[in-house]
2 protein chains.
Amino acid sequence: MDKTTVKVTRSILKGAPEPTLRRLPLYYRLLKQLRETTGRTGISCTVIGSELKLDATQVRKDIEMTGTVGRPKVGYEINELISAIERFLGWDKITEAFLVGAGNLGEALMGYPGFTDCGLSIVAAFDVDPNKCHRVIHGKHVRHISKLTGLMRRMRVQFGIITVPGEHAQQAADLLVEGGAMAIWNFAPVKIHVPENVIVTNEDLYCSLAVLSQKMTRRLAETRSKGAVKS
Amino acid sequence: MDKTTVKVTRSILKGAPEPTLRRLPLYYRLLKQLRETTGRTGISCTVIGSELKLDATQVRKDIEMTGTVGRPKVGYEINELISAIERFLGWDKITEAFLVGAGNLGEALMGYPGFTDCGLSIVAAFDVDPNKCHRVIHGKHVRHISKLTGLMRRMRVQFGIITVPGEHAQQAADLLVEGGAMAIWNFAPVKIHVPENVIVTNEDLYCSLAVLSQKMTRRLAETRSKGAVKS
DNA sequence: AACTAATAGAGAATTTATTCTCGATATTTA
DNA sequence: TAAATATCGAGAATAAATTCTCTATTAGTT
């Protein structure tokens, strides 16, 4: 068993570091785009790095996690790399999802292009508001929330997306858990409590905003002091 | 100049580490909630940590960045801590923003509760589609995109939010830059190119999805092998 | 007033992530 | 064919983030 195998095995056992996981989609998108727009079949870390303004070694280590091997002087096969990323992230298999909260955000997600590439298929949406129910948005039915648990069990859907207002997020989570959810993608800006075996990822806008806000604040402080402070 | 002062100064000069910045809003939310629902005035890192399932020392170091000092055996003043976080992130000052793309996602953001707490005020939205213009959503006017640059300069708005489909994101960014944007919050899943002095933060759903997808994939692999593989 | 328990704060130790360096290899060019 | 060059892959070095350990301080308790 060579070194690469060891690393790949570890990546499967312990999972890739989160920073790596968050960069893989960037490579994925770039690769797909290159495949579409240009005719090239190979790519090197150097090029990927300069396109995305990342260190080439970092790109190489990330790619290593997916198990793809390259060739000196040439780089990687674009097609092979794309497949490897899909396989590594589980984007090669279809995951069906229920969405709770058919408001604007929910509707936006239902029409989100490219989720298909990630194997994510939102099969139905649910809402408490009867006015929002019985509609069809982007080809998906919106049903009353009371139907969620039953349908979820029956259809064996294991993935839930929460796009309800914060104050109802916990209820939504409870229903999804009752329906047998294995994972929940929570867009509400609240911490939801679920059993330990349920995976939760929060999409918290305020966390990103904080990063941006502080950068702006520091930039403003710099310009105010006429560039005296260098970072 | 004591040690704390040194650290705070550094946090102003170099900025806090991103992981810290992303955790501060979690504390902020918890503190606000505690202030509203309970009558307590003080809080310790231990409590914050156990509430949010974070290490107490980590919480303490994060708080240290904001310049707040606590008292042994007691902890921190909730009010003081809230203000310190607001000040540190720049959430104590109002930032006016223009939003480009009045689709579902844009509409969702316009109605997002709590942006006010972060000092973020979306003052107007813009769209190419004439059908979407001249409406008022959540009290904000939607205007035609052709008006963006002029209005932005006139009103001295320096913050832009992009919620257009990926294929138009670059155009939107160009307009915002032309209008004098200092910072852009990009919700389109594409890399936008802007001058170096413009701050960009991407809200890329695919990056989060990648983290979640891989966790699910690994979980499925574990259960398939009947728990033989432990992480 | 002494004792106990809880906590902040400082600094060390550890872990994790990123970047650098070098050798091996494949491709292209002279 | 030989030389030059770009790249991967491995490992070392560095940097960043997290966690641990200890001390001093404060509030409550006996």
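Proteins come first, then strands; the chains are lettered A, B, ... in the order of their sequence lines, and each starts at number 1.
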Residues A:D62 and A:Q58: side-chain donor-acceptor under 3.5 angstrom: no
In whole angstroms, the gap separating C1' of C:dT7 from CZ of B:R71 amounts to 11 Å
Residue closer to the 5' end of DNA chain D, A:T57 versus A:G75 (nearest nucleotide): A:G75
To the nearest Å, how far apart are A:M65 CE and C:dA17 C1'? 12 Å
Rounded to whole angstrom units, what separation is found between the CD1 atom of A:I78 and the P atom of D:dT7? 13 Å
Quiz question: going by heavy-atom distance under 3.5 Å, is there a donor-acceptor pair between the base of D:dT25 and the side chain of B:K73? no
Using ring centroids (six-membered ring only for Trp), state whether A:Y206 and B:F115 fall under 6.0 Å. yes
Between A:V47 and A:I43, the two heavy atoms sitting closest are CG1-CD1, 3.7 Å
Taken to the nearest whole Å, NZ/B:K61 to P/C:dA12 is 11 Å
How many whole angstroms separate atom CD of B:E64 from atom C1' of C:dT7? 14 Å
Could you tell me whether the side chains of A:S208 and B:E203 share a donor-acceptor contact shorter than 3.5 Å? yes
Hey, which of these two, B:V74 or A:P72, hits DNA chain C nearer its 5' end, going by closest nucleotide? B:V74
Mind calculating the distance between CZ (A:R23) and C1' (C:dT16) to the nearest angstrom? 12 Å
Member of A:N202, A:T163, A:T201 meeting the side chain to side chain donor-acceptor pair (under 3.5 Å) criterion with A:N186: A:N202
Please give, in whole Å, the distance from D:dA10 P to A:I63 CD1? 14 Å
Stretch residues 43-55 of chain A: residues that reach within less than 4.0 Å of DNA chain D through a heavy atom: A:S44, A:C45, A:T46
Could you tell me whether the phosphate oxygens of D:dA17, OP1 or OP2, come under 4.0 Å of any side-chain nitrogen or oxygen in B:R22? no
Candidate list A:R29, A:R22, A:R23, test salt bridge (Lys or Arg N to Asp or Glu O under 4.0 Å), partner B:D204, passing option: A:R29
Just by distance, no angles: are the side chains of B:S213 and A:W91 close enough, under 3.5 Å, to form a donor-acceptor pair? yes
So, does A:R60 get its side chain near the phosphate of D:dC8, meaning an N or O under 4.0 Å from OP1 or OP2? yes
Provide, to the nearest angstrom, the distance between the CD atom belonging to B:E18 and the C1' atom belonging to D:dA16. 13 Å
Taking the side chain of A:P19 as its heavy atoms from C-beta onward, which of C:dA17, D:dG9, C:dT19 lies nearest to it? C:dA17
